[in-house]
Structures are given as C-alpha cells and as structure tokens.
Amino acid sequence: MNTVAVVGTQWGDEGKGKIVDMLAADADVVVRFQGGNNAAHTLVVDGRRYVLRLVPAGALHPGKACVVGNGTVVNPIALLGEIDDLKKNGFLKEPELFRLSYDAHMVMPYHIAIDRAREARAGKRAIGTTGFGIGPAYEDKMARVGLRFEELLDQTAFIERLRRNISEKNAYLKSVLKAKPVKADEIVEAMKKARRRLLPYLCDSGAYLSDTIAAGKRVLFEGAHGTMLDIDHGTYPYVTSSNCIASAAYDGVGIGPSNQLAVLGISKGYTTRVGAGPFPSEFTGQLADSLREEGGEFGSATGRPRRIGWFDAVQARYAARVNGLWGIALTKLDVLTGLDPIKICVGYVVKGKRYDQMPASHRMLLSAKPIYEEMPGWRESPANARTLDELPAAMRNYVDRVGEIVGVPIAMIGVGAGRDATIVLRNPFTA
Ligand code: IMP
C-alpha cells in the first residue's frame with residue numbers, strides 16, 4: 001500500500017517514533033495530522049537521541065518531505081525552535097521539504113496560560129495535561145475564534161484579531177481563573193518576527209497530498225498520542241483534545257477515505273499512561289519502579305514518570321476495531337526481559353460482570369478489575385535478534401499469544417531502542 005498510517009493503540013508513548021522513523025525510510029512524504037507539541041516522538045539515530053514534537057519524523061531522513069496538516073494545533077514559536085534545532089544537527093537542510101497547512105491552528109501563549117491555570121485550579125480533578133495549551137487551542141478552533149496560519153498572509157488583520165483574542169482571554173484569565181494575564185505587546189512582537197519565517201512553509205496540505213498520492217508516491221501518516229487518548233473514543237474526559245485514530249488522517253490533511261490506508265497500530269509489550277484517568281491493568285510498587293527505569297518510562301514532553309501496567313488485550317482489540325488495524329508493531333519487548341511471569345489482561349470485571357470487550361461506557365473502567373492470563377518470562381536478551389528464530393522461545397510465545405488474543409497479525413517486534421533493533425515481519429508499504 002502506498003498510504004500507511006501509524007497510530008498508537010494505548011495512551012500514547014507506545015514507541016511510535018522509532019517505527020515511524022523506520023518506515024519513513026520507505027516513504028516519500030511523512031505527515032502529522034493531529035495534535036500539537038503535546039506529542040513527543042523519541043528517536044535514536046546513530047546513538048543520539050532526538051525528540052520531535054511537531055516536525056514529522058521524516059525530517060531525520062535527508063530528502064523526505066514533511067507535512068504538518070490542518071488537523072494539528074501548532075505553537076509557532078515552538079515549531080521554529082524545533083526547526084532550528086534540527087537544522088543545527090544537519091537535518092531539514094532543504095526548506096521546501098517542510099510544509100505547514102494554511103488551515104492549521106496556532107497555539108498562543110494565552111492557550112498555555114489557560115490550560116495551566118485550569119489544571120492548577122482543578123486540584124484532584126485535574127486531567128494531568130501536558131500544559132502546552134492544546135485543549136484551549138482546539139476549543140478556539142471549534143468556537144471559530146482560533147487563529148489559523150493563513151491569517152499570516154495579512155499582517156494587519158492578523159494582529160488585530162490576535163489583540164482582540166488576547167484581550168478576551170486576559171479578561172477570562174483574570175476574572176474567572178484568577179491567573180496572571182499574558183503580555184499582548186510581547187506576543188505581537190514575537191509573532192511579527194515569526195511570521196516572516198513561517199510564511200515560506202505554508203501550503204495547502206490536501207492539494208499537495210492528493211497530487212503526491214496520485215503521482216504514486218508513498219505517504220506515511222504519523223499519528224500522535226494514542227487511541228485511548230482520542231477525544232471521542234478514549235477514556236473521556238482523561239483524553240487529549242483531538243481525534244487520534246486513523247480516520248483522523250483524512251480530515252487532518254484534507255483528503256478523502258477512498259485513499260485506503262494500511263493502518264499499523266503501535267502497542268508496547270506492556271502499557272503506560274501519563275496523567276490521570278482509568279488504567280485497569282496498572283500496577284505499582286517495586287516491579288513498576290524497575291520497569292519504569294528499565295524502559296525509560298518518563299514523559300518525553302514533560303519528564304513526568306509514566307504509570308505502568310501489563311499489556312491490555314481488551315484495549316488492543318478495541319483499538320483494532322476503531323482504527324481498522326492492518327497489523328501491530330509490538331514494541332519494547334526487551335524491557336520485559338527478566339520478568340516472570342508476564343501477565344496479559346484478557347478481560348475486566350466490573351460490578352461482578354465479566355467484559356471481554358471494551359465496555360460501552362469508558363467510565364466503567366474506573367472500577368474495572370483486570371482478569372489476567374500469565375505467560376512464562378525469559379532471561380536472555382533479545383537485543384541482537386533480527387529474525388523470529390533468534391528470539392528467546394518464551395518471548396516468541398508471548399508475541400504469538402498477543403497476536404492471537406488481539407486477532408491482528410503482529411507485523412513488527414521491537415527489541416531495542418536503535419533504528420535497526422526491530423524485527424520486521426511485514427512492511428505495510430510492501431506487503
Ligand atoms: P493534553 O493533550 O496536554 O491536553 O493532555 C491531556 C492528556 O493526554 C494528559 O493525560 C496527557 O498526559 C495526555 N497526553 C497528551 N499527549 C500525550 C502523548 O503524546 N503521550 C502520552 N500522553 C499524552
């Protein structure tokens with residue numbers, strides 16, 4: 001298939017960055033279609049760690065085009081900072097290879113201030129957002145008061161609308177949230193400078209991608225966050241503010257569903273979550289602490305320690321349905337080395353009733369008790385394995401069992417952080 005989408009099947013942080021980076025080698029264009037810099041895709045290239053928040057992972061491959069689609073919310077200053085960092089490291093050398101949709105919405109400092117002030121006031125009810133203003137920016141988009149990058153075409157009109165928004169948001173910040181207002185003049189000055197640098201990148205993402213696909217080129221849609229953080233299909237209200245599932249790739253760039261996607265779901269061999277909200281297969285204590293250390297399970301965007309749990313097959317089956325998964329990449333299996341037994345959550349009990357499929361109301365997950373199946377662990381490191389046969393036998397059994405319970409073929413197996421530490425059984429671009 002020439003069009004491939006990569007999506008998270010859990011609560012984000014599944015290791016999408018590494019798989020996207022690997023598939024980017026086979027793609028002509030890599031596209032972000034939702035979310036903002038609340039996402040952070042970590043990639044290790046030649047032993048160096050890069051964290052990409054807004055720029056698609058294609059940027060780490062010379063000659064690949066990168067597109068940030070209309071479905072995203074983009075902090076312009078953060079984007080320019082990321083572009084500068086990439087350039088300093090020798091990437092994104094050809095500016096025409098990076099494109100940003102005219103219709104993407106800007107995240108402004110007042111969105112960040114509102115996000116943080118609300119979270120601070122919410123106390124125990126806080127969502128645990130990344131604090132990057134994502135929710136308030138999407139609110140403005142839906143309320144039709146957001147600022148899109150197309151506004152930059154007319155500086156005078158843009159500044160007028162920006163000042164109007166700042167004054168409204170400052171009134172809200174002061175009187176409702178009892179928070180410090182943002183500084184209008186500083187924001188206007190920063191945006192005037194940013195405007196000149198941003199204008200050359202602007203494009204019509206839908207028109208560009210339609211032409212690209214029609215020309216037979218390969219496009220990789222890089223999903224951010226995860227299915228369980230999807231605004232409609234996740235554990236609402238403990239979710240992010242965008243649709244993170246595969247179908248969002250269409251509206252998030254402006255192409256239609258007749259362009260069929262091979263959807264690769266990324267699942268960690270265990271589960272993690274940052275922020276508040278239900279997590280049925282969560283466990284705490286020494287085992288969780290050592291797995292967190294071993295897996296480096298600290299938020300790439302915020303540094304927060306991630307909550308830890310076993311692989312949840314109920315959730316994976318649900319993700320398979322809502323995303324229409326073609327295959328699964330099971331990542332970070334090396335992190336489970338030395339654990340015995342390894343558990344798979346195969347169902348939930350809620351108020352005495354067993355659920356093998358995701359309960360219709362996600363609120364029921366708050367009191368769901370996991371039902372586990374136990375598998376023997378392995379002690380041998382799989383880090384050098386590059387074929388199925390080279391995997392420890394118990395690990396192979398685990399992989400087979402996960403594929404069987406979830407009902408989706410396992411297409412890739414992650415055995416380490418490096419670019420080459422993945423066993424590829426099926427490549428969605430060539431299968
Ligand atoms: P927001 O997206 O900053 O509004 O945060 C809403 C929820 O989504 C919080 O629980 C965040 O921790 C979570 N979240 C947002 N983006 C990511 C991500 O890329 N990985 C993991 N969690 C995320």
Side-chain angles (χ1 to χ4, degrees), residues 6-20 32-43 51-57 71-75 78 82 105 107-122 124-142 222-245 248 265-268 270-279 282 292 295-309 315 319 331-332 362 365-366:
V6 166
V7 293
T9 66
Q10 298 164 329
W11 281 286
D13 308 318
E14 297 91 351
K16 291 183 290 297
K18 194 185 89 156
I19 303 293
V20 170
R32 272 286 300 272
F33 54 90
Q34 44 73 231
N37 61 339
N38 50 343
H41 292 168
T42 309
L43 307 121
V51 180
L52 298 178
R53 297 186 156 89
L54 289 161
V55 176
T72 59
V73 289
V74 175
N75 178 327
E82 198 170 313
H105 277 249
V107 179
M108 286 286 130
Y110 48 80
H111 293 131
I112 298 172
I114 291 171
D115 190 3
R116 293 182 182 176
R118 280 188 188 150
E119 284 283 280
R121 285 170 66 85
K124 274 207 272 187
R125 288 176 297 102
I127 292 168
T129 71
T130 58
F132 293 150
I134 306 302
Y138 275 115
E139 277 171 45
D140 278 4
K141 169 177 174 168
M142 292 311 181
E222 175 182 348
H225 323 303
T227 302
M228 302 312 289
L229 287 173
D230 181 284
I231 185 76
D232 288 301
H233 305 287
T235 45
Y236 192 90
Y238 301 101
V239 291
T240 190
S241 294
S242 62
N243 283 114
C244 317
I245 60 169
I266 315 298
S267 302
K268 220 152 28 186
Y270 49 99
T271 311
T272 60
R273 152 160 231 182
V274 270
F279 185 173
E282 181 173 21
R292 183 178 302 111
E297 297 297 354
F298 297 88
S300 323
T302 58
R304 291 179 290 178
R306 295 175 183 149
R307 297 158 65 192
I308 307 284
Q315 190 188 92
T331 62
K332 296 185 87 165
H362 286 174
L365 296 186
L366 285 164

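Order of listing sets the numbers, starting from 1, for every ligand and every atom in it. Numbers for residues simply follow the sequence, beginning at 1.
- Near ligand 1, residues Trp11, Gly12, Asp13, Asn38, Ala39, Ile127, Gly128, Thr129, Thr130, His225, Leu229, Val239, Thr240, Val274, Gly275, Arg304 each place a heavy atom inside the 4.0 Å sphere around the ligand atoms.
- Arg118 and Glu139 are joined by a salt bridge, as a carboxylate oxygen and a charged side-chain nitrogen come within less than 4.0 angstrom of each other.
- Applying the side chain to side chain contact (heavy atoms under 4.5 Å, CB included) test to Ile231 and every residue at least two apart in sequence or in another chain returns Tyr236, Val239, Asn243.
- Under the salt bridge (charged side-chain N to carboxylate O under 4.0 Å, His left out) criterion, Lys332 pairs with Glu297, sequence neighbours left out.
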Could you list the donor-acceptor pairs under 3.5 angstrom formed by side chains in residues 107-116, with sequence neighbours left out?
{"residue": "Tyr110", "atom": "OH", "partner": "Asn165", "partner atom": "ND2", "Å": "3.2"}
{"residue": "His111", "atom": "ND1", "partner": "Met108", "partner atom": "N", "Å": "2.9"}
{"residue": "His111", "atom": "NE2", "partner": "Asp140", "partner atom": "OD2", "Å": "2.8"}
{"residue": "Asp115", "atom": "OD1", "partner": "Thr129", "partner atom": "OG1", "Å": "2.9"}
{"residue": "Asp115", "atom": "OD2", "partner": "Phe132", "partner atom": "N", "Å": "3.4"}
{"residue": "Asp115", "atom": "OD2", "partner": "Gly133", "partner atom": "N", "Å": "2.9"}
{"residue": "Arg116", "atom": "NE", "partner": "Gly131", "partner atom": "O", "Å": "2.7"}
{"residue": "Arg116", "atom": "NH2", "partner": "Gly131", "partner atom": "O", "Å": "2.9"}

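- Under the 3.5 Å distance criterion, the side-chain polar atoms of Glu82 are matched with a main-chain donor or acceptor of Leu54.
- Side-chain N or O atoms of Arg307 include one that pairs as donor or acceptor with a backbone N or O of Gly275 at under 3.5 Å.
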